[in-house]
Amino acid sequence: MTVRTRFAPSPTGNVHIGNIRAAIYNWLYARHEGGQFLLRIEDTDRERSTPEAVQAVLNSMNWLGLNFDETPVYQSTQLAAHLAAAEKLLAGGQAYKLDKGGAGKGECIMFKMPGTDMAFHDEIKGDLRKAAKDLPDFVIVRSNGTPVFHLGNVVDDIDMNITHIIRGDDHVENTFRHVAIFQALGAPIPKYAHLPMIVNAQGKPYSKRDGDAYVGEFREKGYLPEALFNYLVLLGWSPGDDREVLVRDELIRLFDFSRVQSSPAQMDMRKLQWMNGEYMKVLPSTLRSEQCRAVLQTRGLWHDGISADYFDQVLNVMGERIRLFTDVADQAGYFFTDNYPYDEKSVQKRLKKEGASESLAAIREAFAGLEVFTAESTDKALHAVAEQKGIHPGELVHPVRVAVSGTAAGPSLFPMLEVLGKNRVLARIDQTLKQFFA
RNA sequence: GACCCCAUCGUCUAGAGGCCUAGGACACCAGGUUUUCAUCCUGGUAACACGAGUUCGAAUCUCGUUGGGGUCGCCA
């Protein structure tokens, strides 16, 4: 029998990182086994389900490359099947009608638990059991005639021939109920795997307040889907050796429940960033520049005057300093606007110094006289000035860097000057002289 | 509160009784390279929650304690 897994999100907002990891594990396992990965939208909570939220789910999955097989099932269309199952249970005596009273709600349909102790095997947690007294009957159809989650969930899983249910830890308790329904309906019981939760930096469950918890936010912050995918897989699973940067095909080949952790894991944004850098290193340059340009556009730093050649040079000179796409705006914005901010600390350290203005002025003169303005020629010119003034080249390098970029950190100075070009460099030195030494 | 689950460096983890004076990665610190930053190289700090057992021997097995988490809806 071929393995069939599913991701069954309820579309009620953004896609949480914990949910998407469950989706990833479902996807990985199905691909590992050569089976199918299905999508079911559990949109029966009419109050909260919105088309936008459904689209958010689809977007997140698509971004991460979680392709699904077959047509997605919208749970709201399965109402008749759910109610038919309830009728069957009623007819078989495994369910009964009851007026639980209160607020004049009328009769609902209760599922009758077997009345015995229950147990099921979890692929990650091992054997889980529960005493009969802790397994009370529960509502499967509301008094208004609509099916409850437990019923719909199980009926749909039967309908979709799901063989493995991989979901969050928070469903462990539900599983006893679900197993009972499978049995009552005469359906084979799927295998279960409950994933530990992902907690925030305080070790607490993620809440709305925690940023970074939604898939879309990682995308906006400039992360690569491959990096997030790799990182998330490693959050709760390891291949058993020391490898960490594993491409998708390797993950598919290696993934296995026996190596899934059973304790909760914390996100470490710094490690995620490191991993993103690893993937950034091997990203084809056309994709890299496409994404970088998109960031500049949304930040309002892009304009038509930026030539493809200039843009290429900037990205080239920035090199591996761009670990996130947003770094191009955060660290290299001065390449795209003359109105760049001066970093206060850098100014204090490199400009507000004895002789800095004279040095800048001297360099400006030397640069102005250059016929060709390249990394080599500016390098030569700067060293000549240093020698002439009898100072260390660094005394000139640093002020020039801060003058033309506003910051003390950045690419090698001379290649950077070449990219900026003579006109810009001279104008920026003038501007700096005027602003800080006038 | 009841029931269930979990517990190795700051974080993610390796470890399925002797290979563990506990390994790797990120982060951090120090040094080297780089006239800045980053990269890169070298080195370093840092953990088996606690207590009893079982055993010749326990991070690994058992029990307890403590701490954390999940669930207890006519939400999903």
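Predicted, not measured: the structure shown is a model, and the values here were computed from it. Below, each value reflects all heavy atoms present in this structure, side chains not excepted, and no hydrogens, waters or symmetry copies. Per chain, numbering begins at 1; letters A, B, ... match sequence-line order.
If you check every strand for non-hydrogen atoms under 4.0 Å, G319(A) touches nothing. Looking at heavy-atom distances under 4.0 Å, P411(A) makes contact with a base.
The side chain of R259(A) contributes no N or O atom lying less than 4.0 Å from OP1 or OP2 of rC12(B). Residue Q331(A) places none of its side-chain N or O atoms closer than 4.0 Å to OP1 or OP2 of rA38(B).
Using the Watson-Crick or G-U wobble rule with both distances under 3.5 Å, rA14(B) pairs with nothing in any strand shown.
Classification of the H164(A)-F257(A) ring pair by plane angle, with boundaries at 30° and 60°, yields parallel.
As rounded to the nearest Å, rG24(B) and rG69(B) have C1' atoms that lie 28 Å from one another. Straight-line distance between the P atoms of rU65(B) and rG23(B): roughly 33 Å, to the nearest whole Å.
Considering only the side chain of R321(A), rA38(B) comes nearest among rA38(B), rC12(B), rU39(B). Among the nucleotides rU13(B), rC74(B), rA2(B), the one closest to any side-chain atom of S238(A) is rU13(B). Among rC74(B), rC5(B), rC40(B), the nucleotide with an atom closest to any side-chain atom of K125(A) is rC5(B). The nucleotide whose nearest atom lies closest to any side-chain atom of P264(A) is, among rA76(B), rC6(B), rC4(B), rC6(B). Of the candidates rU39(B), rC4(B), rA14(B), the closest approach to any side-chain atom of K130(A) belongs to rC4(B). Listed candidates were rU71(B), rU39(B), rC74(B). Nearest to the side chain of K281(A) is rU39(B).
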Go through the steps to decide whether V404(A) and M416(A) satisfy the test side chain to side chain contact (heavy atoms under 4.5 Å, CB included), and finish with yes or no. CA-CA 10 Å; V404(A) 304; M416(A) 175 177 139; 3.6 Å; yes

When you look at R167(A) and T175(A), which way does the side-chain hydrogen bond (donor to acceptor under 3.5 Å, both in side chains) test go after all the steps? CA-CA 11 Å; R167(A) 58 186 4 174; T175(A) 303; 3.0 Å; yes

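Non-hydrogen atoms lying under 4.0 Å from RNA chain B are contributed by V148(A), F149(A), H150(A), all within residues 144-159 of chain A.
Remark: the T407(A) side chain and the D343(A) side chain contain no N/O donor-acceptor pair separated by less than 3.5 Å.
The pair D268(A)-R270(A) meets the salt-bridge criterion, with a side-chain N (NZ, NE, NH1 or NH2) lying under 4.0 Å from an Asp/Glu carboxylate O. In summary, D327(A) and R321(A) do not engage in a salt bridge, as defined by a charged side-chain N under 4.0 Å from a carboxylate O.
Look at NE2 on H121(A): it is 19 Å from P on rC4(B), rounded to the nearest Å. The nearest whole Å value for the distance from the CG atom in L195(A) to the P atom in rC6(B) is 14 Å. Atom-to-atom, CZ of R401(A) to P of rC37(B) comes out at 9 Å; the value is rounded to the nearest Å. One interatomic measurement links the two molecules: CG of L382(A) to C1' of rU36(B), which rounds to 13 Å at whole-angstrom precision.
Atom CD1 of residue I24(A) and atom CZ of residue F7(A) lie 9.5 Å apart, to the nearest 0.5 angstrom.
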Where do N or O atoms of nucleotides 23-27 of chain B meet protein N or O atoms at under 3.5 Å, pair by pair?
unit_1, atom_1, unit_2, atom_2, d
rG24(B), N2, E244(A), OE2, 3.4
rA25(B), O4', E244(A), OE1, 3.2
rA25(B), O2', E244(A), OE1, 2.4
rA25(B), O2', K271(A), NZ, 3.4
rA25(B), N3, K271(A), NZ, 3.0
rC26(B), O2', K271(A), N, 3.1
rA27(B), O2', R270(A), NH1, 2.9

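Taking the centre and axis of the six-membered ring of F111(A), the NZ or CZ atom of R177(A) falls outside the cone set by 45° and 6.0 Å.
Every residue meeting the ring pair (Phe, Tyr, Trp, His ring centres under 6.0 Å) condition with Y342(A), not counting sequence neighbours, appears here in chain and number order: Y340(A), F436(A).
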